[in-house]
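Below, chains carry the letters A, B, ... as their sequence lines are ordered, and counting in each starts from 1.
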Amino acid sequence: MQEQYSPRDIESTAQTEWTRNEVFKVTETPDQNTFYCLSMFPYPSGKLHMGHVRNYTIGDVISRYHRMQGRNVLQPMGWDAFGMPAENAAMNNNVAPAKWTYDNIDYMRTQLKSLGLAMDWSREFATCTPQYYRWEQWLFTRLFEKGVIYRKNGTVNWDPIDQTVLANEQVIDGRGWRSGALIEKREIPMYYFRITDYAEELLTSLDGLTGWPEQVKTMQRNWIGKSVGMEVHFPYDQASIGENGKLKVFTTRPDTLMGVTYMAVAAEHPLATIAAKGNPQLQSFIDECKRGGVAEADIATQEKKGMPTSLFVEHPLTGEKLPVWVANYVLMTYGEGAVMAVPAHDERDFHFANQYGLPIKPVVRTSAGDETPEPWQDAYGEKGELINSEEFDGLDFASALEAIGEVLSQKDLGAPRTQYRLRDWGISRQRYWGCPIPIIHCDTCGDVPVPENQLPVILPEDVVPDGNGSPLARMPEFYECSCPTCGAPAKRETDTMDTFVESSWYFARYASPHFEQGMVDPAAANYWLPVDQYIGGIEHAILHLLYARFFHKLMRDEGLLDSDEPFKNLLTQGMVIAETYYRLAENGSKVWFNPADVQVERDAKGKIVAARLASDGQPVEIGGVEKMSKSKNNGVDPQSMIDQYGADTCRLFMMFASPPDMSLEWSDTGVEGAHRFLRRVWRLAHQHVTAGPTHKLDKTRLDDDQKAVRRAIHLAIRQASQDIGQNHKFNTAIAAIMTLMNVLEKAPQASNQDRALLQEGLEAVVLLLAPITPHISHGLWHALGHEDLAVQAQWPVLDESALVQDTLQLVIQVNGKLRGHIEVEAAATRETIEAIARANENVLRFTEGLTIRKVIVVPGKLVNIVAN
RNA sequence: GCCUCGAUGGCGGAAUUGGUAGACGCGGCGGAUUCAAAAUCCGUUUCUGGUGACAGAGUGGGAGUUCGAUUCUCCCUCGAGGCACCA
């Protein structure tokens with residue numbers, strides 16, 4: 001055994017042995033407990049960042065722990081390889097997205113392998129290969145035929161200068177990021193998944209996901225946004241609008257129907273279009289509403305504006321004429337694109353009505369009374385007894401709902417309805433680097449799905465996009481084709497799919513990644529699925545996780561697999577953050593410096609007070625701790641950390657610095673601390689091993705000090721087992737192992753018993769660390785005299801008898817304040833404990849002149865004496 | 001704007017069902033070793049007062065429940081993630 005800890009040698013030796021023995025390659029072995037551990041696969045952006053390292057280390061620790069429990073553990077890896085960055089890189093460097101992507105994959109694969117992950121690399125795939133996306137196209141055609149996919153118009157960000165559709169990310173302050181042009185909303189035809197058909201199941205089956213964080217389930221519930229209410233129709237006729245019809249709205253507060261004083265419709269609503277004819281002022285307002293991007297955050301924060309139309313609709317109960325307004329706060333995409341406004345009881349309507357001088361009619365008696373003077377109070381929104389509502393006066397919410405519903409349905413002007421906030425999923429993208437949508441447009445036959453025997457529709461890979469729309473739309477060799485139904489010349493769809501589609505089913509493909517007869521091999525899929533543990537960033541809490549759940553149900557309904565949900569347990573990791581440093585340039589912009597190039601100065605207490613750039617010694621500003629990013633130049637390159645300290649140190653630091661679901665602040669000195677700890681483990685093991693082999697421990701003949709050491713060993717085993725296996729709190733597991741190391745380093749090594757005890761302690765340390773720092777554990781396990789591989793060793797077993805104590809220390813409080821400690825027999829009765837506590841010197845001192853009112857004894861914990 | 005989460009020493013963080021606030025690590029300070037340095041080891045380290053024993057305060061701010069609150073309830077402030085075409 002080498003005297004010095006040398007991560008470079010140890011890590012390459014360990015990785016070579018794992019590869020040679022194919023220890024991480026798994027098969028569908030019957031009758032073995034399986035564990036499918038999946039970390040969200042990376043987008044191949046160029047090189048690994050710390051977020052990846054964190055994600056894959058967490059997954060690896062969990063995988064290796066379960067391996068040591070004897071389970072058949074599948075941990076696969078692949079590449080979410082379609083996406084916009086490849087097109088941007090292509091434009092900047094004049095390289096085809098395909099080549100850029102494949103090069104990145106090759107580089108990042110090498111980086112991942114250097115982390116020593118327990119991956120079955122034989123299952124690797126990239127989503128941009130036809131072998132993968134052909135099955136996505138196949139499913140698309142099936143779902144299209146079933147009607148689960150349909151075509152309708154959707155609104156996109158249109159850049160009028162570049163003549164292209166932009167992603168929300170590419171719209172900055174209402175302008176295109178490259179052209180600087182003011183963005184407009186534009187309607188184009190797109191394909192949609194009917195995810196709303198699954199809204200109810202997506203909602204209710206959340207209840208069964210007991211292994212998901214409550215936070216994520218709450219977010220998904222709110223996103224789906226089920227509301228029970230009523231559809232109400234406001235009739236209009238030839239005389240008032242020029243045609244007969246009904247303005248439909250959805251409301252959750254039909255009890256306030258008598259308080260409606262106006263109607264508000266979205267700018268895109270058909271009534272707005274009718275009203276704008278011959279009204280240039282209104283037309284220009286509608287045009288103004290169409291300016292700016294489609295992102296909800298922008299629409300919701302913009303100033304609330306509206307304009308009256310000359311149109312009126314009838315109140316369904318009273319027949320009263322209600323003015324129709326166009327308002328920018330009404331979303332065409334939610335509900336019916338129109339709302340009935342009840343300014344007395346809805347905050348947004350209240351502000352709007354006050355702004356434009358519209359009438360406000362209170363119809364509910366709330367805790368604020370019968371009137372609703374300015375300013376708005378939350379009480380105005382309460383439910384209560386109806387007032388000013390004619391025959392409905394005096395009714396409460398439930399009976400008003402029933403009574404009003406009854407009248408509406410008699411008049412055929414409304415009915416109860418359930419509404420979801422969730423919208424159908426539009427998947428058409430006017431981009432090149434994505435999975436082609438397998439549809440052929442024929443003048444006679446319409447939209448025809450590409451027949452199975454003509455799949456896949458292959459994306460040409462030698463194309464360099466130029467930022468002016470999709471190059472596919474300009475490639476006749478791609479889009480010219482004949483109709484599969486009638487054989488006439490036809491045009492292939494040139495849009496590609498949202499990249500969320502690929503990441504919605506990759507977890508299932510890993511079960512049979514090379515299967516050529518179908519999307520998945522049902523036997524393999526049912527063997528591994530659902531995923532036992534899924535790990536990824538909290539930023540995916542809604543969209544990706546909801547789409548993956550939806551796809552799983554689609555695949556189930558296609559008969560491809562049996563389970564209802566894809567991910568049994570979910571762990572959402574926090575971000576990796578780091579300090580930022582900058583200087584103000586002359587033009588006022590900030591120039592950011594990487595933490596690696598900055599030196600900090602501290603005051604007497606160690607608090608950081610200033611920072612200087614190492615190269616010129618001049619001060620820089622401290623900008624605060626933020627998510628690692630290119631823009632703030634505060635990223636730390638994982639590769640340089642691995643090169644300097646080794647993968648084990650990097651892994652140990654990341655797992656120790658904070659619990660996985662919290663953000664992790666990068667600290668160079670923390671990394672050094674982790675490295676220092678591994679050196680200490682190595683040194684103690686080296687010292688122990690060079691002193692020669694040990695005898696067997698005689699557990700029946702331990703003195704008190706030896707019992708204390710053995711207790712420390714098994715406390716660490718208990719703590720680490722709970723923390724890693726159940727709670728996923730790797731930081732406290734490591735703290736427990738560190739505490740054990742502190743004990744072992746101080747323990748005597750003279751006698752045979754002492755040395756045997758140290759052997760037991762070191763074996764525990766090595767195995768408890770094995771999931772976290774697998775390379776050093778691999779080396780030390782051999783050094784401690786074991787022939788088998790540490791990865792195949794069994795997780796340490798807790799010996800409860802080692803934890804038993806004869807006496808316990810209890811805390812004594814007087815009036816809740818700590819006043820002393822007492823040592824009592826473990827078996828002492830409540831009465832004995834109370835008597836000892838009452839006789840305690842400090843208790844007597846602090847209760848002098850007071851009367852003891854009560855004594856609370858918490859067994860094994862404390863005694864609180866209440867006196868006054 | 002809406003939904004969700006978070007806030008504890010100089011710093012990262014720890015604290016079973018409400019029961020000793022600050023485990024473990026980092027940083028700081030003092031010391032040992034060394035010709036010197038690195039490395040390593042030992043001690044100390046929430047704040048305030050006190051030489052000290054000790055006392056008081058303290059978990060973002062404010063109220064409340066309780067013998068007892070970092071933990072439960074209400075209000076507020078600040079920060080983070082998401083908002084459907086970033087992945």
Item to complete: For A/G673 and for A/P85, find the nucleotide of RNA chain B with the closest heavy atom, then tell me which residue's nucleotide is more 5'.
Response: A/G673
Worksheet item: Any donor-acceptor pair under 3.5 Å between the side chain of A/N222 and the base of B/C3?
Response: no
Fill in: Inter-nucleotide C1' distance (B/G25, B/C85), Å rounded
44 Å
Fill in: Side chain of A/T669 - closest among B/A84, B/U20, B/G27
B/G27
Practice prompt. Describe the nucleic acid contact of A/P42 in one word from base, sugar-phosphate, nothing, applying a heavy-atom distance below 4.0 Å.
Written response: nothing
Discussion item. Students often get this wrong, so: under 4.0 angstrom with heavy atoms, is A/Q813 touching a base, only sugar-phosphate, or nothing?
Written reply: base
Worksheet item: Within the structure shown, what part of the strands sits under 4.0 Å from A/T301 by heavy-atom distance: base, sugar-phosphate, or nothing?
Response: base
Response to the item:
Between A/N842 and A/R421, whichever has its closest RNA chain B nucleotide further toward 5' is A/N842
Worksheet item: Which base sits across from B/G12 as a Watson-Crick or G-U pair, both distances under 3.5 Å?
Response: B/C24
Fill in: Selection from B/C86, B/A15, B/U40 that lies nearest to any side-chain heavy atom of A/K729
B/A15
Worksheet item: Between the side-chain atoms of A/Q430 and the base atoms of B/C85, is any donor-acceptor pair under 3.5 Å?
Response: yes
Worksheet item: What nucleic acid atoms does A/V165 come within less than 4.0 Å of, heavy atoms only: base, sugar-phosphate, or nothing?
Response: base
Fill in: Whole-Å distance separating the CG atom of A/L862 from the P atom of B/A15
19 Å
Item to complete: Answer with base, sugar-phosphate or nothing: what part of the nucleic acid does A/S45 contact at a heavy-atom distance below 4.0 Å?
Response: nothing
Practice prompt. Calculate the interatomic distance between A/I542 atom CD1 and B/C85 atom P; express it in whole Å.
Written response: 13 Å
Worksheet item: Under 4.0 Å between a side-chain N/O of A/N731 and OP1 or OP2 of B/A14, yes or no?
Response: yes
Discussion item. If I take atom CD in residue A/E665 and atom C1' in nucleotide B/C26, what distance separates them, rounded to the nearest angstrom?
Written reply: 11 Å
Item to complete: Select one nucleotide: of B/U20, B/C85, B/A87, the one nearest the side-chain heavy atoms of A/M84.
Response: B/A87
Response to the item:
Among B/G13, B/C83, B/C41, the one nearest any side-chain atom of A/R683 is B/C41
Item to complete: Would you mind classifying the nucleic acid contact of A/M662 as base, sugar-phosphate or nothing, using non-hydrogen atoms under 4.0 angstrom?
Response: sugar-phosphate
Discussion item. Using whole Å, what does the distance between atom C1' of nucleotide B/G6 and atom CD of A/E214 come to?
Written reply: 17 Å
Practice prompt. Starting from C1' on B/U40, measure out to CH2 on A/W682 and report it in whole angstrom.
Written response: 18 Å
Practice prompt. Return the nucleotide paired to B/G56: Watson-Crick means purine N1 to pyrimidine N3 with N6-O4 or O6-N4, wobble means G-U with N1-O2 and O6-N3, both under 3.5 Å.
Written response: B/C47
Discussion item. Which nucleotide, if any, forms a Watson-Crick or G-U wobble pair with B/G6, using both distances under 3.5 Å?
Written reply: B/C78
Worksheet entry | Between B/C83 (C1') and A/M219 (CE): distance, integer Å | 12 Å
Item to complete: I would like to know whether A/Q215 and A/I538 meet side-chain contact (heavy atoms from CB on, under 4.5 Å); could you show each step before the answer?
Response: CA-CA 10 Å; A/Q215 169 195 7; A/I538 183 69; 3.8 Å; yes
Worksheet, complete the sentence: Here the distance between atom C1' of B/A69 and atom CG of A/N864, to the nearest Å, is 13 Å
Item to complete: Check whether any side-chain nitrogen or oxygen of A/R679 sits under 4.0 Å from OP1 or OP2 of B/U40, and answer yes or no.
Response: yes
Fill in: Given B/A55, B/C85, B/U4, the nucleotide with the shortest approach to the side chain of A/M190
B/C85
Practice prompt. Report yes if a side-chain nitrogen or oxygen of A/R676 is closer than 4.0 Å to either non-bridging phosphate oxygen (OP1 or OP2) of B/G27; otherwise report no.
Written response: yes
Worksheet item: Within the structure, does a side-chain N or O atom of A/R221 lie under 4.0 Å from either OP1 or OP2 of B/U4?
Response: no
Response to the item:
Rounded to whole Å, the CD-P distance (A/E626 to B/A80) equals 7 Å
Worksheet item: At under 4.0 Å between heavy atoms, what does A/Y43 touch on the DNA or RNA strands: base, sugar-phosphate, or nothing?
Response: sugar-phosphate
Discussion item. Which residues pass the salt bridge (charged side-chain N to carboxylate O under 4.0 Å, His left out) test with A/K305, not counting sequence neighbours?
Written reply: A/E288
Worksheet item: Taking the side chain of A/N157 as heavy atoms from C-beta outward, which of B/C26, B/C85, B/C24 is closest to it?
Response: B/C85
Discussion item. When you measure from the side-chain N and O atoms of A/N168 to the phosphate of B/A84, is any distance below 4.0 Å, counting only OP1 and OP2?
Written reply: yes
Item to complete: Determine whether the side chains of A/Y43 and A/N104 contain a donor N or O and an acceptor N or O closer than 3.5 Å.
Response: no
Worksheet item: Are A/F82 and A/Y133 near enough that their ring centres are under 6.0 Å apart?
Response: yes
Worksheet, complete the sentence: Checking B/G82, B/A55, B/C85 against the side chain of A/E539 (C-beta onward), the nearest is B/G82
Worksheet item: Taking only side-chain nitrogens and oxygens of A/T499, does any of them come within less than 4.0 Å of OP1 or OP2 of B/A87?
Response: yes
Worksheet item: Is any side-chain N or O of A/R853 closer than 4.0 Å to OP1 or OP2 of B/G68?
Response: no
Item to complete: With P as the reference atom in both, quote the distance from B/U70 to B/G58 in angstrom, rounded to an integer.
Response: 10 Å
Item to complete: Could you work out which one of B/A55, B/C83, B/U20 sits closest to the side chain of A/R819?
Response: B/A55
Worksheet item: Which nucleotide, B/C85, B/A87, B/A55, lies nearest any side-chain atom of A/F500?
Response: B/A87
Fill in: Heavy-atom side-chain proximity of A/Y645 to A/F653 below 4.5 angstrom
no
Practice prompt. Using a 4.0 Å heavy-atom cut-off across all strands, classify A/E296 as base, sugar-phosphate, or nothing.
Written response: base
Worksheet item: Just checking A/F846: base, sugar-phosphate only, or nothing, at a heavy-atom cut-off of under 4.0 Å?
Response: sugar-phosphate
Discussion item. With rounding to the closest Å, how many angstrom separate the P atoms on B/G10 and B/U59?
Written reply: 13 Å
Worksheet entry | Touch class at under 4.0 angstrom, heavy-atom based, for A/A674 against every strand present | nothing
Worksheet item: Within the structure shown, what part of the strands sits under 4.0 Å from A/V156 by heavy-atom distance: base, sugar-phosphate, or nothing?
Response: base
Worksheet item: Are A/H686 and A/Y5 an aromatic pair by the rule of ring centers under 6.0 Å?
Response: no
Practice prompt. Indicate, with a heavy-atom threshold strictly under 4.0 Å, whether A/L422 touches base, sugar-phosphate, or nothing.
Written response: base
Item to complete: Please say whether more than 12 non-hydrogen atoms of neighbouring residues, nucleotides or ligands are located less than 6.0 Å from NZ in A/K47.
Response: no
Worksheet item: Where the side chain of A/K817 is concerned, which of B/A14, B/A57, B/C67 is the nearest nucleotide?
Response: B/A57
Discussion item. Using a heavy-atom cut-off of 4.0 Å across all strands, would you classify A/A657 as base, sugar-phosphate, or nothing?
Written reply: sugar-phosphate
Worksheet item: Under a 3.5 Å cut-off for both distances, is B/G1 Watson-Crick or wobble paired, and to whom?
Response: B/C83
Worksheet item: Taking C-beta and beyond as the side chain, do A/L715 and A/R718 meet within less than 4.5 Å on heavy atoms?
Response: yes
Worksheet item: When all nucleic acid strands are considered with a 4.0 Å heavy-atom cut-off, which category describes A/H544: base, sugar-phosphate, or nothing?
Response: nothing
Practice prompt. Please list, chain by chain and in numerical order, all residues satisfying side-chain hydrogen bond (donor to acceptor under 3.5 Å, both in side chains) with A/W79, sequence neighbours excluded.
Written response: A/E124
Worksheet entry | G-U wobble or Watson-Crick pairing nucleotide for B/U40 (cut-off 3.5 Å, both distances) | B/A32
Worksheet item: Looking at A/R423, does any N or O in its side chain come under 4.0 Å of the phosphate oxygens OP1/OP2 on B/A84?
Response: no
Fill in: Side chains of A/R853 and A/N815, donor plus acceptor under 3.5 Å
no
Worksheet item: Can you check B/G58 for me, syn or anti if syn means within 90° of 0?
Response: anti
